[in-house]
Amino acid sequence: VQLQASGGGLVQAGDSLRLSCVASIRSFEAYSMGWFRQAPGKAREFVAAISYTGDQIFYGDSVKGRFTISRDSAKNTVSLQMKSLEPDDTAVYYCAAGLFPGKTITTRGRDGSKYAYWGQGTQVTVSS
């Protein structure tokens, strides 16, 4: 299993960026996907998650209204569209895959320890 995240870079405050994560997972359609981030010296933070069905989507409070998560099961890809970026969004962004039966992602999806597979991370730097 391999998750390959890409799309990070250096942008200015207010800019947009789109991250992608390609998952080499058999039965990708059975996996819920999440994005997390970690800034230097800070704990890992939940960003967004989407259920394996695609109908359960939720966000961390700090990105709600600015970020959008989506998935394309035909391409085994999950994306994170980020708008109105702020310097506080600077972090390494990680995608993760996990099995969450039914609608359990809504109660467990914010917990990184519930995800089975992780990508290597992509750096996002937002300058002021």
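Numbers here are sequence positions counted from 1.
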From [X] [atom1] over to [Y] [atom2], what is the distance, rounded to the nearest 0.5 angstrom?
X: Q12; Y: S128; atom1: CD; atom2: OG; answer: 9.0 Å
X: D15; Y: S84; atom1: CG; atom2: OG; answer: 9.5 Å
X: Y115; Y: R110; atom1: OH; atom2: CZ; answer: 9.5 Å
X: Y59; Y: T68; atom1: OH; atom2: OG1; answer: 4.5 Å
X: I105; Y: D111; atom1: CD1; atom2: CG; answer: 11.5 Å
X: S20; Y: Q4; atom1: OG; atom2: CD; answer: 11.0 Å

Looking at [X] and [Y], what are the two nearest heavy atoms and their distance?
X: L17; Y: G9; result: CD2-N, 3.9 Å
X: C21; Y: L3; result: SG-CB, 3.9 Å
X: L19; Y: G8; result: CD2-N, 3.5 Å
X: I25; Y: A97; result: CD1-CB, 3.7 Å
X: S51; Y: R71; result: O-NH1, 3.0 Å
X: V78; Y: S70; result: CG2-O, 3.1 Å

Looking at side-chain heavy atoms only, is the closest gap between [X] and [Y] below 4.5 Å?
X: S6; Y: T122; answer: no
X: Y31; Y: L99; answer: yes
X: V63; Y: M82; answer: no
X: F28; Y: M33; answer: yes

Is a side-chain N or O of [X] found less than 3.5 angstrom from the main chain of [Y], in a donor-acceptor match?
X: T125; Y: T90; result: no
X: S73; Y: N76; result: no
X: E29; Y: Y52; result: no

Within one Ile-Leu-Val-Met-Phe-Trp-Tyr cluster: F100 and W35, side-chain cutoff 4.5 Å: no
F46/F36 aromatic ring centres below 6.0 Å: yes
Residue pair Q81 / R18, side-chain donor-acceptor N/O under 3.5 Å: yes
Any donor-acceptor N or O pair under 3.5 Å, side chains R108, S32: no
K64 atom NZ: more than 12 heavy-atom contacts under 6.0 Å: yes
Plane angle bin for Y94 and W118 - parallel if under 30°, tilted between 30 and 60°, otherwise perpendicular: perpendicular
